[in-house]
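Have a look at the structure below before the remarks.
Within every chain, numbering begins at 1; the chains are lettered A, B, ... in the order of the sequence lines, protein sequences first and strands thereafter.
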Amino acid sequence: MSGEEGHGVNGAASAVAGDVIQLDQVRKQYGSFVAVDNADFSIGRGEFFAMLGPSGCGKTTTLKMIAGFEQPSSGRVLLEGVDVSSVPPYKRNVNTVFQQYALFPHMTVADNIAFGPRSKKIADAEIKKRVGDMLDVVRLSEFANRRPSQLSGGQQQRVALARALVNYPSALLLDEPLAALDLKLREAMQIELKRIQREVEITFVFVTHDQGEALTMSDRIAVMSQGVVEQIGSATDIYKRPQSLFVAGFIGSANLLPAVVVQGDSNGAAFDFWGGGRITVKSDHVNADVALTAGEQVTVMLRPEHLHVSGTQPSGESLSATVTDIVFQGASVRIVAQLSNGTEVTALVGGDADLPFLRPDSTIWLSWNPDAPFVLDGWPSVAGATTTNVDSVEASL
Amino acid sequence: MNPTAGIARVAARPERVGLGVMFALAIGAVALGAKWVSGPASAVVAVFMLVAVIGLIWVALVGGLETRRTLAPYGLLKPGILWLSLFFLAPLWSMVVMSLSSKESRFDFFPSFSWEWDNYRIALTDFRPQFLRSFGYAGVATLLTILIGFPLAYVIAFRGGKYRNILLGLVVIPFFTSYLIRTLAWGNILADEGPVVSIIDNLGLTGVLESLNIMDNGKLLNTPAAVIGGLTYNFLPFMVLPIYVSLEKIDARLVDAAMDLYSSATAAFRKIVVPLALPGIFAGSLLVFIPAAGDFVNAQFLGNPQTTMIGNSIQDQFLRQLNYPVASAMSFVLMFIITIAVLIYTKFMGTEDLA
Amino acid sequence: MAGKLNRRQFLIRSGVAGAGALSLPALLAACGGDDGGSGGGNSLFFENWPLYIDEETVKLFQEASGVSLKYTEAYNDNNEYFAKVQPSLSKGDKIEADIIAPTFWMAARFVQLGWAQKLPVDKIPNIANLRDDLKGQPWDKGQEYNLPWQTGVAGIAYNVKATGRELKSVEDLFDPAFKGKIAMLTEMRDTMGLVLMGLGKKISEIATFDEAAAAFEKVEKAKNDGQIRAFTGNEYTKDLSSGNFAACVAWSGDVLQLTKDNPDVKFIIPEEGGTSWFDTMIWVKGSENGDAVAKWMDYVYDPVNAARITASVQYISPVKGVRDELVKLGGDAAALAEDPLLFPDEATVARLQSWGALAEEEEAKFDEAFAAITGA
Amino acid sequence: MTAFSRRQRFGQRVINGIAGLGLFYIFLPILVIVLFSFNAPKGKFNIKWQGFTLDNWANPFAQEQLTSALWVSLRIALISTFCATILGSLIALALSRYKFKGSGGINLFLVLPLTSPEIVLGSSLATLFINRGVSFGYVTVIIAHIMFQISFVAVTVRARIRGFDWTLEQAAMDLGATPSRAFWKITFPLILPGILAAALLSFALSIDDFIITFFNAGSLVTFPLQIFGASRVAIPPQINVLATMLLIASVSLMVAGTVLGNRRQRKLAGN
């Protein structure tokens, strides 16, 4: 059986010939705990692929199974079309950049980078050349004889990259590569990583819990939760068309408003908000698994930045709410308001907007463009605005 | 049930295989060492152990990466555990068997097992004073090591600054000279015409010390005080080091914080430093008490016929009277009491601090 | 099994033999030992009590005989040594030593247990020099198993600086003035023998524990009163010399050696009498070096050599003719020839007594009671 | 306020004073031992100070039996430390490298030999040997030493490599190193100082062990047994000399170890 048949529950896993990595119904179990359940997707050549999810979602385990540090309990891992499920890491042509880099403290930068080629018994002259080249790529040539501890965090990160890339792996695996860096450096390294990836044209697979990082850097993102791959797609796809409530809540901020189907057909559908108000949505803004039969429970996702705020009732569809909090954030103003049914909603408006009617306890009207709402199946466990706070997500898990 | 299926099922849980084989080997080693089996039966046990090892290797080879990884720690443990089973557990068993054996005649060197509980009666009645003295002396010595060791550890940890390591080294270094020589040196220091007694004489303190039962008839050597002093001296580092380790972990700002919260220096010491040092004191107490209770060197070199400890009795019964059964019964009682103390300790404190 | 390797084999097998203390001749001998040969190799191992030989005899003997002699002083205590070698000998293995010199009663035990070999008497012509009074012990009537090394007397030693007076009786050991300053020997026969004589008993006639019980009670009471500071082996000499002990039960030769350095230390045979004893060489079962054993015994039974040893250790020599040789040596040695403790006169000899043989169970009772007193 | 701080300063001084006395107490016998290695005793007892001499230091090996006993001890310590270090380090590796069923029990099992009185260990092992008809000697002493050293090494090494970053090993394998290459090139050099420290300490334990050896040596004489034997007759000043030499040797080893360790630490920490 080959991975090309595509068992994807999420539809995005269809494998193309020449895919570097294929996961074929991979499952990993520790005792009765299922760490990864039925992961089934492929990663293409030269792709920058992110696995995103809160800690404990199985993303690192998946990465370890690709690297060879863990074996799948069932299913197969294929590298370049070859089943490597029971091949030890040192015989797999993938390399990893570890979270804390795992640089060998007793070796110089050059020796660290040369470690892989030496393990493969490559000729010394060739090793020397490759190490030199790699040091150039990561711009650390003058640090060749330093010890890792004498380098800054960003430099260490680049040594780790060089050490992995010098082996010309089929794919480079990065485990939370930027987590150890401070904010400024993290942003710089994001750009640096993209540059290096373009330069070496190798598949990068990286694991992160930071959705911002994933959205900025990756070609495709796999969002995982509780061992299950919830959705795979491009950043915009995932942001605009989340396929589950979890994805909707985890990526960016979203107001998740419970509603029920009033009526619908292939052109569009109308929904009543729980507690009053109606919304009409085009059919391509309704998730595929939503049954458009009257009375069905659904959730309407409205991103805060898509909500317009006015002091009087606008002409189109709108909801009225009472302001509870106004937070000035420099570039924008965050408005927290309560719908008549008690659900809390967040709206984000530009910092330059002049909104004299805004004051706690004043009544406002929230409206939106027809493209903005997206409808998902089922009601959210917690109605209202989901802050994109990893901790709160973790806590809710 | 199909045996192959059974094996396959067990092999599917490699940690059970590893643990099982380790137990099997340990029990086999004890069986061989402690003479549960003899003659052809011991060959059977040996073959069985060999088969267990081969089975383990087989499972590892067949089972793939994951299995091998699961089995790895058991593989690493095995040689050491086997050694300890053979030369620590099996001897303890032999000792228990010996403690219930009786001698046919005076020069019966291989007493045979006969549920001879009388050995324990002898151990607990005839040697009761020695047991009491052992635990008494060891207890007092432990208290003294706390009294001396705590200030030392405290000063090193909080006032040592950059000299901490040097000071710690100073505490430990003397204990790199031979234990016996150190104890003998104490004998010379405490001798009747030695420096300590003459200083005490010159200061006119003899009477005071005699009334405190520290000196006896104008002499210091060959008194209980000398034995306890020797024990205290010889095991002092076992107290200083754990206390130092636990004090070192204390953040000095905690004391500042306490004083900031209107606590006096002594109250801060009592309520912050002492409780946090307790784990070290407990660990140190165990590490001092155990060797002190089993020691016979100090009592031999520094004591008199009325200060003999249980170690002296065990040594005498074993190595001079050749009364292995009674010596073993005494050893067992000593071991039993101390093991209970250790188990109580580890139940609350774990095994980490005992290194 | 590893335990069956003896030390030499072990060393050779573990490849460290060349590295350490084993001398080349010993190594060669060890290798040669496997060749068989009834007389065995040309090496010898004598494990003796400490400070029990002069500094030259070992060297001179090796030169004279060509035997490589290993002489050690690890025989510290009769019971302890017995306990150490018992596992090997009772199982029929050999021990390292070829010759040891246990005290007579322990030698008797070795002989009775069959752990001593018959001496190659015909190769020891000097055996004729053995003092007559030592010949034909009850446990070795034919003088086939033992050849005495030194003989001596257990009496009382005291440090006159600490006692402040001269002593003469066993009763002095129980003088309350010396409370906590008295020591006795862990050698039961010597200590109890003296106390029994103090009580007017004849120790050679004592056969049961009951006859001696009173003496044990006396010593036990003294111990409980704090009269006795320690029960010691050879180590009493140090404490006696330094003044920690005022007086103690002691062995003659030790104290004579001591007196040379510290004239305050004196030795007396109490007026009630002293115990006489001897340490005697036996050839340990399993040893194959019979020729070397014969050479050695013959050598030390030559009065010339025996006199040299006596001059150093100052015990009573078991060899006839030593006195004449000492006189020939002149100087200090000649003075020893006049020492009544080395060559006791008739009156002194009359005051000496020695223990008879004790039945096994009785001996056990003695030992047990004594162990209870010594407090261990 | 002044009263308060005065009391406080007084308290500190008392504590400092006690600590100082404690150090004095610790060093007193050592001073005596070193001092008397320079004594020129008249007669055979080295108890009273009778004059300064360097003779004992000029001929530290004059006492033949003492020297050979020292050799015996050194040889036993070398062999037993070597074996115990390997066995103990393997246990420590297993305990710190892997999470596995039964590790709690193993931990307790390892502590037991350390918390058993030596006299019990010694006499019970001797009982086993007697029961099994094993003759006492080199082999039994080495077996006994390895037995108590294993636990010591295992516990010490485990403590020293606590916090070791095991992903380094994974990194090495990820870079194509076989498990054995990963161990010898990465793990081993990094945990070696911990192992060496444990080995040194357990070497010292072996050299100085008296009680357990006493029960299992038969007629073999190690350095401590020789001292014990000599203590019954007369301690020659050479014992003080050799003891002082052992002290100096172990102190220099310790200092060298600390200095090297610090330098290495600094190097690895990048200062």
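- For the set D:A230, D:G218, D:A217, the entry with the most heavy-atom pairs within less than 4.5 Å of chain C is D:G218.
- For a residue to count as touching a neighbouring chain, one of its non-hydrogen atoms must lie under 4.5 Å from one of that chain's; by this rule C:E73 touches chain D with backbone and side chain alike.
- For C:E55, the CD atom counts as loosely surrounded, since its 6.0 Å shell holds 12 or fewer non-hydrogen atoms of other residues, nucleotides or ligands.
- Of the possible polar contacts, none joining the C:E96 side chain to the D:S219 backbone as a donor-acceptor pair under 3.5 Å is found.
- Proximity to chain C (any heavy atom under 4.5 Å) is restricted, for D:V221, to the side chain, taken from C-beta onward.
- Inter-residue side-chain proximity for C:P50 and D:R232 is flagged as unmet; no heavy-atom pair is nearer than 4.5 Å.
- C:Y71 places none of its side-chain heavy atoms less than 4.5 Å from the side chain of D:E64.
- Only the side chain of C:L51 has a heavy atom closer than 4.5 Å to any heavy atom of chain D.
- Here OG of D:S135 is found 10.0 Å from CD of C:Q86. Values are rounded to the nearest 0.5 Å.
- Ranked by non-hydrogen atom pairs under 4.5 Å with chain D, the options C:E47, C:E80, C:Q257, C:K260 are led by C:E80.
- The two residues D:F136 and C:S88 come nearest to each other via the heavy atoms N-OG, 4.3 Å.
- Proximity to chain D (any heavy atom under 4.5 Å) is restricted, for C:L258, to the side chain, taken from C-beta onward.
- More than 12 heavy atoms of other residues, nucleotides or ligands shown are found within 6.0 angstrom of CZ on D:F52.
- Rounded to the nearest 0.5 Å, atoms CD (C:E235) and CD1 (D:I235) are 10.5 Å apart.
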